[in-house]
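Residue numbers start from 1 in every chain, and the chains themselves are labelled A, B, ... in the order their sequence lines are given, proteins ahead of strands. Every value quoted in this text rests on a predicted model; they were computed, and no experiment measured them.
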Amino acid sequence: MSIGYACLTVGIPNTDLKSVTKKNATEERLKEVIQHNLNALENMIDYNSKQNIRLYRISSDLIPFGSSPVNTLNWGEIYGEDFRRIGKKIKNNDLRVSFHPGQYTVLNSPHSDVVERAIEDLRYHNKIMECMEIDFTHKIVVHIGGVYGNKEEAIKRFIQTFRKLDQPIKNRLIIENDDRLYTVEDVLGIAEACSIPVVFDNLHHTANHQGDPKTEAYWIKEVNNTWREMDGKQKVHYSQQASSKRIGAHTKTIYIGPFLDFYRTLPDTSIDIMLEVKDKNISTIKINNALSIDKNIARLEKEWARYKYAVLEKSPENYQAIRQLLKNKNEYPVIQFYQLIEEAMDTITFEGNAVNAAQHVWGYLNDGAIESEKRAFERNLTKYRNNEGKLRTVKNQLLKLAEKQAKDYLIQSLYFY
DNA sequence: TGACGTCAAGATCCG
DNA sequence: CGGATCTTGACGTCA
């Protein structure tokens with residue numbers, strides 16, 4: 001089984017993607033941004049390999065206007081070497097990547113121009129994978145599209161359009177249930193007509209199952225039949241409902257308890273699970289640690305180094321509790337560890353705790369700071385205390401100083417994000 | 001016409 | 001002038 005995340009990393013240097021607006025999309029600017037983004041992608045691939053994160057969704061924004069006439073560059077050739085090098089890393093490290101064009105790529109629209117653009121968009125995504133020379137286990141996930149007042153006709157149009165697609169795209173395309181229009185049952189029917197795999201999304205299913213009483217595990221087993229040898233392992237999307245938010249809104253982090261409850265119901269635990277969550281790689285590492293066969297506490301200590309100041313800011317009590325928890329080096333208390341972190345992060349910030357944590361971090365930077373930086377820190381902190389300034393300002397200054405003083409230990413800290 | 005989702009660019013404000 | 005904060009962009013469908 002592989003656990004993965006989508007598009008962006010949290011807290012990893014040099015992995016940000018740039019974009020260009022239409023009116024500034026000159027060849028020169030596009031070239032700069034594409035080169036920058038490929039570099040960022042390569043850094044993310046390197047990071048994933050190193051962290052043993054084997055599943056990753058590449059952002060559709062990799063090439064700005066990649067499927068639009070606005071971008072006239074022959075980017076496949078210009079950056080051919082970069083693509084092949086990244087592709088090699090993906091293959092050599094046994095990573096599985098995917099794409100997920102958004103809600104604006106609609107194959108079943110009654111408007112032919114919309115469909116044409118959607119097909120161009122699939123060609124764009126497929127072209128990147130071909131440039132990387134990676135096989136058909138690396139997938140492109142789409143939703144079915146709109147209903148337009150007649151679902152039966154809309155489904156027919158999807159199937160007809162699918163039949164016209166280029167063969168390599170047919171080999172990569174997989175389809176997912178959505179949260180409003182197409183249930184997993186609808187998608188299964190379409191998948192059978194097209195002979196392509198289905199991605200089950202648990203939260204979409206919760207939002208859109210029209211009274212269907214069957215369990216998530218049932219549907220995961222059911223859609224497993226759509227995955228053939230050439231498609232690779234079955235893949236599902238997993239996220240959790242944010243309490244007190246709109247149905248379908250997902251949580252900031254994957255809570256370890258509910259995830260393990262879900263995991264235990266799986267008919268086959270060798271499938272790939274894409275986490276759809278705000279904190280991205282953070283949750284992925286959490287789940288990998290929860291499922292790891294290697295139950296060495298060093299894994300948790302490494303995590304603690306990144307979390308500790310963020311926890312200290314929210315809850316000194318949980319900070320102390322985690323320190324106690326990690327004392328016995330023969331244990332692997334992964335669940336309690338993350339639950340204490342989750343509980344702390346869900347606490348509202350108390351000013352005194354935040355000031356304490358900021359001063360704690362400052363303790364590592366004080367000696368290397370010049371007078372004006374010291375004064376700036378005191379000023380920012382006093383302002384925050386008097387409700388005249390934001391905690392964000394204090395943290396941004398601390399991060400800047402950590403970077404200036406090359407305190408890698410601090411730069412990696414989740415305290416800043 | 002706004003909401004949906006997403007996140008960086010662009011614009012503007014502040015000291 | 002730099003940094004912080006806000007608004008816009010880019011896409012299609014639905015209510």
Next on the checklist: In whole Å, I'd like the distance from the NZ atom of A/K400 to the P atom of C/dG2.
Outcome noted: 11 Å
Sub-3.5 Å pairs of nitrogen or oxygen atoms, protein against nucleotides 7-10 of chain C:
from, atom 1, to, atom 2, distance (Å)
C/dA10, OP1, A/K22, N, 2.9

Next on the checklist: Taking the ring of A/Y309 and the ring of A/H360, is the distance between their centroids below 6.0 Å?
Outcome noted: yes
Item to check | Gap between atoms CZ and P, on A/F416 and C/dA4 respectively (whole Å) | outcome: 13 Å
Checklist entry - Which sits closer to the 5' end of DNA chain B, A/A249 or A/K383, going by the nucleotide each is nearest to? => result A/A249
Checklist outcome for this item: ring-ring contact (aromatic ring centres under 6.0 Å, His included) pairs touching residues 393-417 of chain A, sequence neighbours excluded, are none
Checklist outcome for this item: By side chain to side chain donor-acceptor pair (under 3.5 Å), A/E403 pairs with (sequence neighbours left out) none
Next on the checklist: Please enumerate all residues that pass side chain to side chain donor-acceptor pair (under 3.5 Å) together with A/E27, with sequence neighbours excluded.
Outcome noted: A/T72
Next on the checklist: Expressed as a whole number of angstroms, how long is the span from A/R375:CZ to B/dG15:C1'?
Outcome noted: 17 Å
Checklist entry - Within this structure, what is the CG-to-P distance between A/L122 and C/dG12, rounded to whole angstrom? => result 14 Å
Checklist entry - Tell me, which pairs form a ring-ring contact (aromatic ring centres under 6.0 Å, His included) where one or both residues lie in residues 220-242 of chain A, sequence neighbours left out? => result A/H100-A/H237, A/Y238-A/F259, A/Y238-A/F262
Checklist entry - Taking atom C1' of C/dG3 as reference, at what distance in whole Å does atom CG of A/L399 sit? => result 14 Å
Checklist outcome for this item: A/D178 atom CG is separated from B/dA3 atom P, nearest whole Å, by 21 Å
Checklist entry - Pairs in or reaching into residues 29-70 of chain A: which pass ring-ring contact (aromatic ring centres under 6.0 Å, His included), with residues at least two apart or in two chains? => result A/Y5-A/Y56
Pick out the pairs of N or O atoms, protein on one side and nucleotides 13-15 of chain C on the other, that lie under 3.5 Å.
from, atom 1, to, atom 2, distance (Å)
C/dT13, OP1, A/S109, OG, 2.9
C/dT13, OP1, A/Y148, OH, 2.5
C/dC14, OP1, A/V147, N, 2.4
C/dC14, OP1, A/Y148, N, 3.2

Checklist entry - Who are the side chain to side chain donor-acceptor pair (under 3.5 Å) partners of A/S413, not counting sequence neighbours? => result none
Checklist outcome for this item: Sorted by chain and number, sequence neighbours left out, side-chain contact (heavy atoms from CB on, under 4.5 Å) with A/N387 holds for A/E351
Item to check | Check ion pair A/D113-A/R117 (N to O, under 4.0 angstrom) | outcome: yes
Checklist entry - Nearest-Å distance, NE2 (A/H100) to C1' (C/dC11)? => result 14 Å
Checklist entry - Mind checking what makes side chain to side chain donor-acceptor pair (under 3.5 Å) contact with A/D268, not counting sequence neighbours? => result A/S270
Next on the checklist: Enumerate the ring-ring contact (aromatic ring centres under 6.0 Å, His included) contacts for residues 366-401 of chain A, please, sequence neighbours excluded, ordered by first and then second residue.
Outcome noted: A/W362-A/F377
Next on the checklist: What is the distance, to the nearest angstrom, from the CD atom on A/E32 to the C1' atom on B/dA8?
Outcome noted: 16 Å
Checklist entry - In residues 384-398 of chain A, which residues come under 4.0 Å of DNA chain B by heavy atom? => result none
